[in-house]
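Encoded as structure tokens, the structure appears first; notes follow it.
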2 protein chains.
Amino acid sequence: MTQETSGPPGKGPGGGAHNDPVDQLDRKIIAALRVNGRATYADLGRSVGLSASSVHERVGKLEAAGVITGYHATVDPNAVGLGVTALVGIHPTDTATEDDVAAALGELPEVESCYAVAGDEAFVVKVRVATVDDLELSLGRLRRIPGVGRTNTTVVLSTRFESRPNNAGLHEDLTGGA
Amino acid sequence: MTQETSGPPGKGPGGGAHNDPVDQLDRKIIAALRVNGRATYADLGRSVGLSASSVHERVGKLEAAGVITGYHATVDPNAVGLGVTALVGIHPTDTATEDDVAAALGELPEVESCYAVAGDEAFVVKVRVATVDDLELSLGRLRRIPGVGRTNTTVVLSTRFESRPNNAGLHEDLTGGA
DNA sequence: AATGAAAACGCTTGCCG
DNA sequence: CGGCAAGCGTTTTCATT
């Protein structure tokens, strides 16, 4: 898992500030790239008050460190014929490990997200398909995965917003850093 | 809603082009941009077998038509101090409209996604914060929204994958789009 | 009307102060 | 971290189909 990226939860109060590879300027660059992933380095430099070369160096380090994991275009699902979204809770059986189930879920292209969760269910996945018929087909595929027991499907009626840039880590609104 | 995206009219080349504003070549470009949102037009042209100018024109139309809605950098949440994710089901009361509730949810920066759903709950939202203390604070804020009744919180133990490019609309695996 | 080619412009990117 | 310079991609324009 991606836990070792920036070190354990220890906030390291006092002492070496070098431990945090992501400083405040990096956070501003990250926030700008989350809003516009195609912003040029010159643009970013103007936004944060740095030269393009400096921004380039910082972004390269952020990418190498695994902080920035990629850049992706977002698409209107309806426009590409994916009009049905559902959240599916997956109850486990004891016939397979969670890792194997997760790997099998990853093989299904219609499963966009997969979370291992606490509670009665082992996973919650987000599925996006074209029609309710396809949803039925997909649920059948899910249930054929070894280790998958009962499924609990919640149909999404409308997506109000999704994968929004979360700047809670940029300010100290709610993070309560201390 | 966004079904009739008055896009480019009938296309000649590429084979059987119907009235669909998004033809097969567009889908390949979209798929490439979902994988790498910073791909240059020259790169895209090489990928799909088109010139850079043609790709540029097509992408511009896709953006104008609202098919491509944006480009965003993806960040490792742990690296920016957001180590706690939760899925929160929101039960409604009858004191407010769903639109007002959704708007209020949109004011909270830690709420990354918001889905109106069928079933007992009115919404399911994804919340991302730094600590479980912050999660408690956030749930308090959620419950103070008029129209929000009981909440049902599922803590995410690990994110196996998230917001993956869904190419179910690109192939005919499961869409049966016809 | 869409495509491909060419040209001017602007950005990227390595290197040094 | 900033500035410079070389190389490359972008973006407009134009001719072609």
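Note: hydrogens, waters and symmetry copies are ignored here, and every other heavy atom, side chains too, is used. Chain naming here is simple, since letters A, B, ... match the order of the sequence lines and numbering starts at 1 in each.
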Using a 3.5 Å distance criterion without hydrogens, assess whether the side chain of [X] forms a donor-acceptor pair with backbone atoms of [Y].
{"X": "A:Thr85", "Y": "A:Val156", "value": "no"}
{"X": "A:Thr69", "Y": "B:Asp76", "value": "no"}
{"X": "A:Thr95", "Y": "A:Gly147", "value": "yes"}
{"X": "A:Asn166", "Y": "B:Val111", "value": "no"}
{"X": "A:His72", "Y": "B:Arg34", "value": "yes"}

Position toward the 5' end of DNA chain D (nearest nucleotide), A:Arg38 or A:Val55: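 Closer to the 5' end of DNA chain D: A:Val55.
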To the nearest Å, give me how far apart [atom1] ([X]) and [atom2] ([N]) are.
{"X": "B:Glu57", "N": "C:dT3", "atom1": "CD", "atom2": "C1'", "answer": "8 Å"}
{"X": "A:His56", "N": "D:dG9", "atom1": "NE2", "atom2": "C1'", "answer": "14 Å"}
{"X": "A:Glu63", "N": "C:dT12", "atom1": "CD", "atom2": "P", "answer": "12 Å"}
{"X": "B:Tyr41", "N": "C:dG4", "atom1": "OH", "atom2": "C1'", "answer": "18 Å"}
{"X": "A:Asp23", "N": "D:dC1", "atom1": "CG", "atom2": "C1'", "answer": "12 Å"}
{"X": "A:Ile29", "N": "D:dC1", "atom1": "CD1", "atom2": "P", "answer": "8 Å"}
{"X": "A:Leu44", "N": "C:dT13", "atom1": "CG", "atom2": "C1'", "answer": "15 Å"}

Per A:Ala42 side chain, nearest of listed nucleotides D:dG2, D:dT11, C:dC11: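 Nearest to the side-chain atoms of A:Ala42, counting from C-beta on, is C:dC11.
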Nucleotide of C:dG4, D:dC1, C:dC11 approaching A:Ser54 most closely (side-chain heavy atoms):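 Per side-chain heavy atoms of A:Ser54, the pick is D:dC1.
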Other residues, nucleotides, ligands: >12 heavy atoms within 6.0 Å of A:Asp120 CG: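 Atom CG in A:Asp120 is not packed in, count stays at 12 or less.
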Enclosure of B:Glu63 CD (heavy-atom neighbours >12, cutoff 6.0 Å):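 Yes.
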C:dA2 phosphate, OP1 or OP2, under 4.0 Å from B:Arg58 side-chain N/O: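 The answer is no; no side-chain N or O of B:Arg58 sits under 4.0 Å from OP1 or OP2.
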Bending between helix ends of the helix from C:dA1-D:dT17 to C:dG17-D:dC1 [5 pairs per end, 10° resolution]: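 That helix gives 30° between its end axes.
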Sugar-phosphate, base or nothing in reach of B:Ser53, heavy atoms under 4.0 Å: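 Base contact - B:Ser53 has a heavy atom under 4.0 Å of at least one base atom.
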